[in-house]
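Have a look at the structure below before the remarks.
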Amino acid sequence: MLAFNFFGATEGGLFDINATLPLMAIQVVALTYILNSLFFKPVGKVVEKREKFVSDNIIEAKNKLSEVEKLEADLLNQLQSARTEAQRIVSEAENESDKLYKEALELANNEANASKEKARLEIESQTSAARDQLSKQADDLSELIVNRLILEK
């Protein structure tokens, strides 16, 4: 066998150059190829798929978040519009009830005034009838007194 003797080492030493070194180099290259083919490429593909899946999910989540924010803003606008409309309706209802209350009060006052006027006219009529009757009775009584006085004489 041919052996190179570097640094004055004996045969079978650490730096012997023989067929073992190329064989080991071929084994390392073959092992690297096999590991690359059987392990690193499939694992890399799975990792890439997972990264793509996560990336797609993040993008989809961002899109859905922006959509949710848009819907939330729309719902807030609708809620504000509904509140404004409700306040307007309540205000109109209060105004209408005030108007009806005032109309009912005015109607009640008018009816009370009409009843009062009717009662006043009836009292005046009864007072006038009573005066007429008293006047007639006074006339009758004075005539009776006059007749008695005339008869006594």
Side-chain angles (χ1 to χ4, degrees), residues 14-153:
L14 183 62
F15 293 106
D16 284 341
I17 297 180
N18 53 19
T20 307
L21 183 62
L23 185 63
M24 291 307 249
I26 291 172
Q27 284 178 354
V28 168
V29 169
L31 183 63
T32 304
Y33 177 76
I34 291 170
L35 285 175
N36 192 27
S37 298
L38 296 177
F39 182 70
F40 294 126
K41 282 185 181 178
V43 169
K45 286 180 183 178
V46 169
V47 169
E48 286 178 5
K49 283 182 184 178
R50 183 67 182 157
E51 285 178 356
K52 185 176 184 321
F53 176 75
V54 169
S55 174
D56 290 346
N57 282 343
I58 288 173
I59 291 170
E60 185 179 345
K62 286 181 181 179
N63 290 339
K64 286 184 179 182
L65 180 63
S66 67
E67 186 178 331
V68 165
E69 288 173 348
K70 186 193 308 183
L71 289 173
E72 181 184 20
D74 186 40
L75 287 175
L76 288 175
N77 287 339
Q78 288 178 3
L79 180 62
Q80 184 63 32
S81 297
R83 283 182 180 163
T84 304
E85 182 67 17
Q87 287 176 347
R88 184 187 64 77
I89 289 171
V90 167
S91 176
E92 286 179 2
E94 286 175 348
N95 290 340
E96 184 67 23
S97 67
D98 285 345
K99 180 182 173 185
L100 290 175
Y101 172 75
K102 287 177 182 177
E103 287 176 0
L105 185 62
E106 185 178 336
L107 181 63
N109 282 337
N110 288 342
E111 287 178 4
N113 287 339
S115 294
K116 188 172 138 183
E117 184 64 25
K118 182 179 177 185
R120 188 187 65 78
L121 289 175
E122 189 175 324
I123 289 172
E124 281 182 8
S125 170
Q126 289 177 358
T127 304
S128 175
R131 282 187 184 154
D132 288 345
Q133 187 178 7
L134 280 177
S135 175
K136 184 179 176 204
Q137 285 178 354
D139 287 343
D140 288 345
L141 187 60
S142 63
E143 189 177 315
L144 183 65
I145 292 173
V146 169
N147 284 339
R148 278 196 185 176
L149 284 176
I150 292 180
L151 285 175
E152 282 184 9
K153 283 196 180 187

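Checking side-chain atoms of Ser91 against main-chain N and O of Gln87 turns up no donor-acceptor pair under 3.5 Å. For Ser142 (side chain) and Ala138 (main-chain N/O), a donor-acceptor pair under 3.5 Å exists by modelled atom type.
No side-chain heavy atom of Lys136 sits less than 4.5 Å from a side-chain heavy atom of Asp132. The closest side-chain heavy-atom distance from Glu143 to Asp139 is not below 4.5 Å. With contacts defined as side-chain heavy-atom distances shorter than 4.5 Å, the pair Glu122/Gln126 qualifies.
To the nearest 0.5 angstrom, Lys116 atom NZ is 10.0 Å from Asn109 atom CG. Between Leu141 atom CG and Leu134 atom CG the span is 11.0 Å, to the nearest 0.5 Å. We find the CD1-CZ distance between Ile150 and Arg148 to be 13.0 Å, quoted to the nearest 0.5 Å. How far CG of Leu149 is from CG of Leu144: 9.5 Å, rounded to the nearest 0.5 Å. Between the OG atom of Ser81 and the CG atom of Leu76 there is a distance of 10.5 Å, given to the nearest 0.5 Å.
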In residues 22-45, what donor-acceptor pairs under 3.5 Å come from side-chain atoms, sequence neighbours left out?
| from | atom 1 | to | atom 2 | distance (Å) |
| --- | --- | --- | --- | --- |
| Thr32 | OG1 | Val28 | O | 2.7 |
| Ser37 | OG | Tyr33 | O | 3.0 |

* Which is it for Asp98 and Lys102 under the salt bridge (Lys or Arg N to Asp or Glu O under 4.0 Å) test, yes or no, and what are the steps along the way? -> CA-CA 6 Å; Asp98 285 345; Lys102 287 177 182 177; over 6 Å; no

* Apply side chain to side chain contact (heavy atoms under 4.5 Å, CB included) to the pair Gln80 and Thr84, showing each step before the final yes or no. => CA-CA 6 Å; Gln80 184 63 32; Thr84 304; 3.8 Å; yes

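Glu117 has a carboxylate O that lies under 4.0 Å from a charged side-chain N of Arg120, or vice versa, which qualifies the two as a salt bridge. Using a 4.0 Å cut-off between a side-chain N of Lys or Arg and a carboxylate O of Asp or Glu, Lys64 and Glu60 qualify as a salt bridge.
Taking Glu94 as the reference, Val90 meet the side chain to side chain contact (heavy atoms under 4.5 Å, CB included) condition, with sequence neighbours excluded. Listed by chain and residue number, Arg88, Ile89 satisfy the side chain to side chain contact (heavy atoms under 4.5 Å, CB included) test with Glu85 (two or more places apart in sequence, or in another chain). In this structure, the side chain to side chain contact (heavy atoms under 4.5 Å, CB included) partners of Leu79, at least two apart in sequence or on a different chain, are Arg83. In this structure, the side chain to side chain contact (heavy atoms under 4.5 Å, CB included) partners of Leu100, at least two apart in sequence or on a different chain, are Glu96, Glu103. The salt bridge (Lys or Arg N to Asp or Glu O under 4.0 Å) check on Glu51 picks up nothing, with sequence neighbours excluded.
No more than 12 heavy atoms of other residues, nucleotides or ligands shown are found within 6.0 angstrom of CZ on Arg50.
Partner Lys62 forms a side-chain contact (heavy atoms from CB on, under 4.5 Å) with one of Ile58, Leu65, Ile59 and no other, that one being Ile58.
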